[in-house]
Amino acid sequence: MKCVLITGGSRGIGASAALQCAQRGMGVILTYHAQPDAAARVVERIHAEGGTAVALPLDVGNSGSFAAFAAQVAETLQGSWGATRLSGLVNNAGFGLFNPIETVTEAQFDSLFNVHLKGPFFLTQALLPLLADGAGIVNITSATTRVATAGVAPYAAFKGGLEVLTRYMAKEFGERRIRANAVAPGAIRTELGGGLNDAFEAMLAAQTALGRVGEPDDVGRVIAGLLGDDMAWVNAQTVEVAGGYNI
Ligand code: NDP
């Protein structure tokens, strides 16, 4: 059985990806940070649909915890599925922050850096021995790497860094046939950064060829697809999933 690990799988895009992967027959380890109840609800829903999932706590901003986390993942794989390897890793966990460059504090900059770039780098490094040869990595970035959006400069800069890192992962892990791709969502209806208000949503929808903002499943399906066999020859790409945003 294929087992995948999805960070930030308790809500939003990560929760959708967890459900979509489970529906395709994968065992899912999903992580949460501050909301264990939300994670438990996703696990419950996956079990109700006949799938298998386990939720583990993880602060992606705390790279010092990754070695112990990797040991816990190994135990969970063995205990829940009799498995020793992961077939997929989705670096999805994140948070939004709206603040113009003029007023961004060093603490805000550092916490965005830790969660959106340093975390995925060292978490992937820590989990590398557990990734099966031929596994897939999906890093969640953002359409803000292509379309400059005032107020999210450090976030977008680190997501851009994650897109470059994705290509380096593909380059260095290719000898183990491990693929790495980035998925760059446009505006998606989640709780990120406090969610969308009506006026903001209308403006974003008007800038989108398909005329609406995205739903978590619009992205979750793509993530699950990239981890599956149909997309096995797609490597080192950034796939924007935004309904045609600002084209
Ligand atoms: P949500 O706010 O809905 O969910 C965020 C998830 O990340 C939760 O599971 C949360 O855990 C987890 N999380 C937050 N901080 C940490 C942390 N420090 N360590 C570990 N886990 C953490 O956000 P989205 O689903 O919208 O965002 C998912 C990804 O998609 C992010 O990387 C985001 O930047 C990206 N994205 C989102 C877009 C959007 O419009 N929504 C657009 C472009 C990119 P918990 O539930 O425990 O708090």
Side-chain angles (χ1 to χ4, degrees), residues 2-15 17-18 21 26-36 39 42 53-78 83-96 110-142 154-155 157-174 176 178-185 192 219 223-224 226-227 236 238:
K2 277 190 170 183
C3 297
V4 298
L5 188 143
I6 300 167
T7 68
S10 45
R11 292 185 288 116
I13 292 168
C21 287
M26 302 177 209
V28 177
I29 299 176
L30 59 99
T31 77
Y32 60 92
H33 179 224
Q35 301 206 22
V42 178
V54 174
L56 297 177
L58 174 71
D59 178 359
V60 173
N62 177 13
S63 53
S65 69
F66 293 170
F69 176 73
Q72 217 182 348
V73 170
E75 267 173 41
T76 304
L77 284 170
Q78 190 59 57
T84 56
R85 293 286 180 271
L86 288 167
S87 300
L89 166 63
V90 183
N91 285 306
N92 163 77
F95 67 97
D110 288 346
S111 66
L112 284 163
F113 170 73
N114 287 340
V115 169
H116 291 283
L117 189 53
K118 183 178 176 183
F121 185 102
F122 285 105
L123 185 65
T124 304
Q125 183 189 70
L127 293 175
L128 204 48
L130 290 178
L131 282 181
D133 290 356
I137 296 172
V138 178
N139 294 320
I140 307 306
T141 63
S142 166
Y155 168 91
F158 302 138
K159 291 293 200 186
L162 185 55
E163 289 178 357
V164 174
L165 176 60
T166 301
R167 294 202 297 277
Y168 276 79
M169 287 178 176
K171 185 86 177 171
E172 294 194 13
F173 305 159
R176 289 182 51 201
I178 293 174
R179 302 174 295 121
N181 291 291
V183 164
L192 188 88
V219 186
I223 296 169
L226 278 167
L227 294 174
T238 295

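All values below were derived from every heavy atom in this structure, side-chain atoms included, with hydrogens, water molecules and symmetry-related copies excluded. All figures in this text were calculated on a predicted structure; none of them were measured in a lab.
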Give, for atom CG of L123 and atom CG of L5, the distance between the pair rounded to the nearest 0.5 Å. 7.0 Å

Can you find a pair of side-chain heavy atoms, one from L77 and one from I29, that are under 4.5 Å apart? yes

Give me the ring orientation class for H116 and Y155: parallel if the planes are under 30° apart, tilted from 30 to 60°, perpendicular past 60°. perpendicular

Once side-chain hydrogen bond (donor to acceptor under 3.5 Å, both in side chains) is applied, do any residues pair with N92, and if so which ones, sequence neighbours excluded? none

Are side-chain heavy atoms of M169 and N139 found at a separation under 4.5 Å? yes

State, to 0.1 Å, how close L112 and P154 come at their nearest heavy-atom pair, and which atoms those are. CD1-CB, 3.9 Å

Rounded distance [0.5 Å steps], OG1 in T141 versus CG in L117: 11.5 Å

Apply side chain to side chain contact (heavy atoms under 4.5 Å, CB included) to residues V219 and V183 and explain how you reach the verdict. CA-CA 8 Å; V219 186; V183 164; 3.8 Å; yes

Spacing of K171 atom NZ and T166 atom OG1 [to the nearest 0.5 Å]: 15.0 Å

Using distance alone, with no hydrogens and no angle criterion, decide if S10 and Q35 have a side-chain donor and acceptor under 3.5 Å apart. no

Sorted by chain and residue number, the side-chain hydrogen bond (donor to acceptor under 3.5 Å, both in side chains) partners of R176 (sequence neighbours excluded) come out as D133

If we check ring-ring contact (aromatic ring centres under 6.0 Å, His included) with F158, which of these qualifies: F113, F121, F95? F113

In terms of heavy-atom contacts, R85 and C3 come closest through O-CB, 4.3 Å

Do you know the tightest heavy-atom contact between I178 and L131? CD1-CB, 4.1 Å

Please walk me through it: do I223 and I140 pass side chain to side chain contact (heavy atoms under 4.5 Å, CB included)? CA-CA 9 Å; I223 296 169; I140 307 306; 3.5 Å; yes

Minimum heavy-atom separation for L86 to A135, with atom names? O-CB, 3.8 Å

Between N114 and G61 the two heavy atoms that sit nearest each other are CB-O, 3.9 Å

Please check: side-chain N/O of N181 versus main-chain N/O of A236, any donor-acceptor pairing under 3.5 Å? yes

What are the two closest heavy atoms between I13 and P185, and how far apart are they? CD1-CG, 4.0 Å

Find out whether I137 and F173 are in side-chain contact, i.e. whether some heavy atom of one side chain is under 4.5 Å from a heavy atom of the other. yes

Go through the structure and list residues passing side chain to side chain contact (heavy atoms under 4.5 Å, CB included) with V54, not counting sequence neighbours. L56, T76, S80, W81

At what distance, to the nearest 0.5 angstrom, does CG of L127 lie from CZ of F69? 6.0 Å

